[in-house]
Colleague: 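Below you will find the structure I want to go over with you.
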Amino acid sequence: MTDSLKNCRRTHYSKQVTSDIKDEEVVLMGWIHEMRDLGGIIFVLLRDRDGVTQITAPSKKISTELFEDLRKLKKESVIAVRGKVQESGKAPGGVEVIPEELKLLSESKLPLPLDTTEKTRAEIDTRLDSRFIDLRKHSVSAIFKIKSRMLHSVRNFLESQDYTEINTPKIGASATEGGTELFPITYFEREAFLGQSPQLYKQMMMASGFDSVYEIAPIFRAEEHDTLRHLNEVTSIDVETAFTDHIDAMNLLERLVVDAVTQVKKYCQDELDTIGFDLQIPKTPFPRIEYDEMVDMVNSVGVHMEHGEDMPRAAEKAMGEIMDGYYFITGWPTSIKPFYVMPDPENPLKSCAFDLMFQDLEISSGAMRVHDHDLLVEKIKKQGLNPDSFNRYLAAFEYGMPPHAGWGLGAERFTMTLTGLKNIRETVLFPRDRRRLTP
RNA sequence: GCCCUGGUGGUGUAGGGGCUAUCAUGCAGGCCUGUCGAGCCUGCGACUCGGGUUCAAAUCCCGGCCAGGGCGCCA
């Protein structure tokens, strides 16, 4: 039998239990992190959102009934404790709580699927199977507090620049955009697909007079990739701005990244300490390396790469060795970029596309877009696609489409750069990869 | 999808044709009034699945599933 909450409410979080409130009565609520029963004295470590407080129960100072109730507690059960804050040099952090009342709110089954005290580490697969318990570890929840702060910063920054947040459909009819594999779904009597990118919708919004838009939403890619930096469902931070070019887009992206890093460092220092990551605020401007220059750099360290081909993984790694932190690669060949990318007016074999890299990881890619209807149709045809299936998209270019540019930034890959994590799965609560569809 | 490596108690591991299957953590019980990776004693708990080879398979072989690493794919 467990107790009910009734009108009992938490007064403090563990973090707030310091010597500043000694002798005060507090009500703490949380999970039992560890129990140490020494016979005549029991130590209960109560863990809540971002801290752990020691509940100290000496048999001679509390009632026999309460003492016996405390002795029966099990790891990871949920409790509420009313007690008095006491200073003690012998307690962790110099303070402890002497209990006066205990409520057992929810009992935990034992043994646990993994060790929340991290004495024995668990593999990522085991952790993801029991993600709700894995997230009880402060070293894991810290990642998501950092990700949350990053997303807040991005929204604040874009709102401060007068961007409008939009929502575009994630279900669509098109299977003909080319490129990545799509997930087919059943849409009543028809086949439909999950959205791979809000790209075409963002561009249609450029013809709407909104000028500056952004969307933070999931995108789905049905590629059978199986790496530490790919997932089949990720969050894309997508931005599009009218009356601007790719240089403006890069400048905006650079400012947004620096702002987010600065905010994370300012508001998440505890979390960064918890995961043991020394986050550095990058210097601006980020280095901008021409594609051709990048190919030469890669070749000069003995990694073969042809001019005109997309970066093989070995080339990314080579660049990661040479470069430190964030940098842009610009002037990509038109032939390896999608149809909506604007060719360089000086040299149409090159494009106004850029990638933002962090060492060996591509975290964003963007471009100035084609806004001329006829050129766009021509480019769609050149990529072996049928312009007819882009009717609704192409119509937006026929009645006054301003020049525009934008980018998509991978929220999880960006989080990897903010936490130093090497496995993208660590940055998603419930990741979806080639094999994992639950929980 | 390809290549390499692996799958042993709840968790993390050692071992590698015949043994009572190693260790840590955990769990259960006991002792202990200052623990903080508490300590001590007793106990519990495992060879990924299917097929094959063999007198005998956790161990060798084949396949499935899953995982780790690498690559490819990623308009």
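Remember, predicted model here, so these are calculated numbers, not experimental data. Every chain is numbered from 1, with letters handed out A, B, ... down the list of sequences. Side chains are part of it too, since the values below use all heavy atoms of this structure and drop only hydrogens, waters and symmetry mates.
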Colleague: Taking the side chain of P92(A) as its heavy atoms from C-beta onward, which of A75(B), C36(B), G34(B) lies nearest to it?
Modeller: C36(B)
Colleague: How is A314(A) classified with respect to the nucleic acid when contacts are heavy atoms under 4.0 Å: base, sugar-phosphate, or nothing?
Modeller: nothing
Colleague: For G26(B), take OP1 and OP2 only and decide whether either is under 4.0 Å from a side-chain N or O of K119(A).
Modeller: yes
Colleague: Taking the six-membered ring where the residue is Trp, are the ring centres of F183(A) and F220(A) under 6.0 Å apart?
Modeller: no
Colleague: Within 45 degrees of the axis of the six-membered ring of Y13(A) and under 6.0 Å from its centre: does R10(A) put its NZ or CZ there?
Modeller: yes
Colleague: Whole-Å distance between G1(B) C1' and D433(A) CG?
Modeller: 15 Å
Colleague: Distance between the P atoms of U48(B) and G18(B), in whole angstroms?
Modeller: 16 Å
Colleague: Nearest nucleotide by nearest heavy atom, which residue falls closer to the 5' end of RNA chain B, T126(A) or Q54(A)?
Modeller: T126(A)
Colleague: Between C62(B) and U54(B), how many Å separate the two C1' atoms, rounded to a whole number?
Modeller: 16 Å
Colleague: Calculate the interatomic distance between E309(A) atom CD and C71(B) atom C1'; express it in whole Å.
Modeller: 14 Å
Colleague: Nearest heavy atom decides the nucleotide; on that basis, is E96(A) or A122(A) closer to the 5' end of RNA chain B?
Modeller: A122(A)
Colleague: Atom NZ of K75(A) to atom P of G10(B): distance rounded to whole Å?
Modeller: 16 Å
Colleague: Which part of the nucleic acid, if any, lies within contact of T117(A), taking any heavy atom under 4.0 Å across all strands shown: a base, the sugar-phosphate backbone alone, or nothing?
Modeller: nothing
Colleague: So which nucleotide from A28(B), U33(B), C36(B) ends up closest to the side chain of L110(A)?
Modeller: A28(B)
Colleague: Any salt bridge linking D134(A) with R127(A)? Criterion: basic side-chain nitrogen under 4.0 Å from a carboxylate oxygen.
Modeller: yes
Colleague: Take Y327(A) and F286(A) through the ring pair (Phe, Tyr, Trp, His ring centres under 6.0 Å) test and state the conclusion after the steps.
Modeller: CA-CA 5 Å; Y327(A) 61 98; F286(A) 296 164; 9.5 Å; no
Colleague: Between U11(B) and G70(B), how far apart are the two P atoms, rounded to whole Å?
Modeller: 25 Å
Colleague: Between atom CE in M35(A) and atom C1' in A28(B), what is the gap in whole Å?
Modeller: 15 Å
Colleague: Which nucleotide in the set C27(B), G69(B), U35(B) lies at the smallest distance from any side-chain heavy atom of L228(A)?
Modeller: G69(B)
Colleague: Between U33(B) and S59(A), counting only base atoms on the nucleotide and side-chain atoms on the residue, is there a donor-acceptor pair under 3.5 Å?
Modeller: yes
Colleague: So does E293(A) pair up with R288(A), basic N to acidic O under 4.0 Å?
Modeller: no
Colleague: More than 12 foreign heavy atoms under 6.0 Å from CZ of F210(A): is that the case here?
Modeller: no
Colleague: Check whether the ring centres of F390(A) and F339(A) lie less than 6.0 Å apart, and answer yes or no.
Modeller: yes
Colleague: Determine: side-chain N/O of R434(A) to OP1/OP2 of C66(B), distance under 4.0 Å, yes or no.
Modeller: no
Colleague: Suppose you measure atom C1' in C4(B) against the same atom in G9(B); what distance do you get, rounded to whole Å?
Modeller: 29 Å
Colleague: Of all the nucleotides listed (A67(B), G72(B), G34(B)), which has the minimum atom distance to the side chain of E123(A)?
Modeller: A67(B)
Colleague: Classify the side chain of E34(A) and the base of U35(B) as holding, or not holding, a donor-acceptor pair under 3.5 Å.
Modeller: no
Colleague: Can you check whether any acceptor in the base of A75(B) is under 3.5 Å from a donor in the side chain of Q196(A), or vice versa?
Modeller: yes
Colleague: In whole angstrom, what separates D125(A)'s CG from G69(B)'s P?
Modeller: 11 Å
Colleague: Taking only the side-chain heavy atoms of P111(A) (C-beta and beyond), determine which of C71(B), G26(B), A28(B) contains the nearest atom.
Modeller: G26(B)
Colleague: Expressed in angstrom and rounded to an integer, what is the separation of R127(A) atom CZ from U11(B) atom C1'?
Modeller: 13 Å
Colleague: Quick check on U13(B): is either OP1 or OP2 less than 4.0 Å from any side-chain nitrogen or oxygen of R121(A)?
Modeller: yes
Colleague: How would you label the contact of I336(A) with the nucleic acid (heavy atoms, under 4.0 Å): base, sugar-phosphate, or nothing?
Modeller: nothing
Colleague: Which whole number of Å gives the distance between the C1' atom of A14(B) and that of U22(B)?
Modeller: 5 Å
Colleague: What is the nucleic acid contact for D37(A), judged by heavy atoms within less than 4.0 Å: base, sugar-phosphate only, or nothing?
Modeller: base
Colleague: Within the structure shown, what part of the strands sits under 4.0 Å from I42(A) by heavy-atom distance: base, sugar-phosphate, or nothing?
Modeller: nothing
Colleague: If we call it a pair only when both distances are under 3.5 Å in a Watson-Crick or G-U wobble match, what pairs with C27(B)?
Modeller: G43(B)
Colleague: Could you check how far CG of D115(A) sits from C1' of A24(B), rounded to whole Å?
Modeller: 11 Å
Colleague: Given R434(A), which of E224(A), E223(A), E233(A), E181(A) fulfils the salt bridge (charged side-chain N to carboxylate O under 4.0 Å, His left out) condition?
Modeller: E224(A)
Colleague: Would you indicate, yes or no, if C65(B) has its OP1 or OP2 atom less than 4.0 angstrom from a side-chain nitrogen or oxygen of R435(A)?
Modeller: no
Colleague: Give none if U54(B) has no partner; otherwise give the nucleotide forming a Watson-Crick or G-U wobble pair with it, both distances under 3.5 Å.
Modeller: none
Colleague: Could you let me know what G63(B) is paired to, Watson-Crick or G-U wobble, both distances under 3.5 Å, or none if it's on its own?
Modeller: C49(B)
Colleague: Between K90(A) and E96(A), is there a side-chain N and carboxylate O pair less than 4.0 Å apart?
Modeller: no
Colleague: Considering every strand and a 4.0 Å limit on heavy-atom distances, what is the contact class for K317(A): base, sugar-phosphate, or nothing?
Modeller: sugar-phosphate
Colleague: Who does G37(B) pair with, Watson-Crick or G-U, both distances under 3.5 Å?
Modeller: none
Colleague: Who does C71(B) pair with, Watson-Crick or G-U, both distances under 3.5 Å?
Modeller: G1(B)
Colleague: Give me the distance, rounded to whole Å, that separates G15(B) from G69(B) when you measure between the C1' atoms they each carry.
Modeller: 23 Å
Colleague: Between A75(B), G34(B), U25(B), which nucleotide has the shortest distance from any of its atoms to the side chain of T120(A)?
Modeller: U25(B)
Colleague: So, is K74(A) close to the A28(B) phosphate, meaning a side-chain N or O under 4.0 Å from OP1 or OP2?
Modeller: yes
Colleague: What distance, rounded to whole Å, do you find between the two P atoms, one in A58(B) and one in G7(B)?
Modeller: 14 Å
Colleague: Can you tell me whether the side chain of H225(A) and the base of C74(B) have a donor-acceptor pair closer than 3.5 Å?
Modeller: no
Colleague: Grab the CG-C1' distance between L361(A) and C74(B) for me, whole Å please.
Modeller: 13 Å
Colleague: Using the P atom on both, measure G6(B) against G17(B) and round to a whole Å.
Modeller: 14 Å
Colleague: Kindly say if T227(A) contacts the phosphate of G70(B), meaning a side-chain N or O under 4.0 Å from OP1 or OP2.
Modeller: no
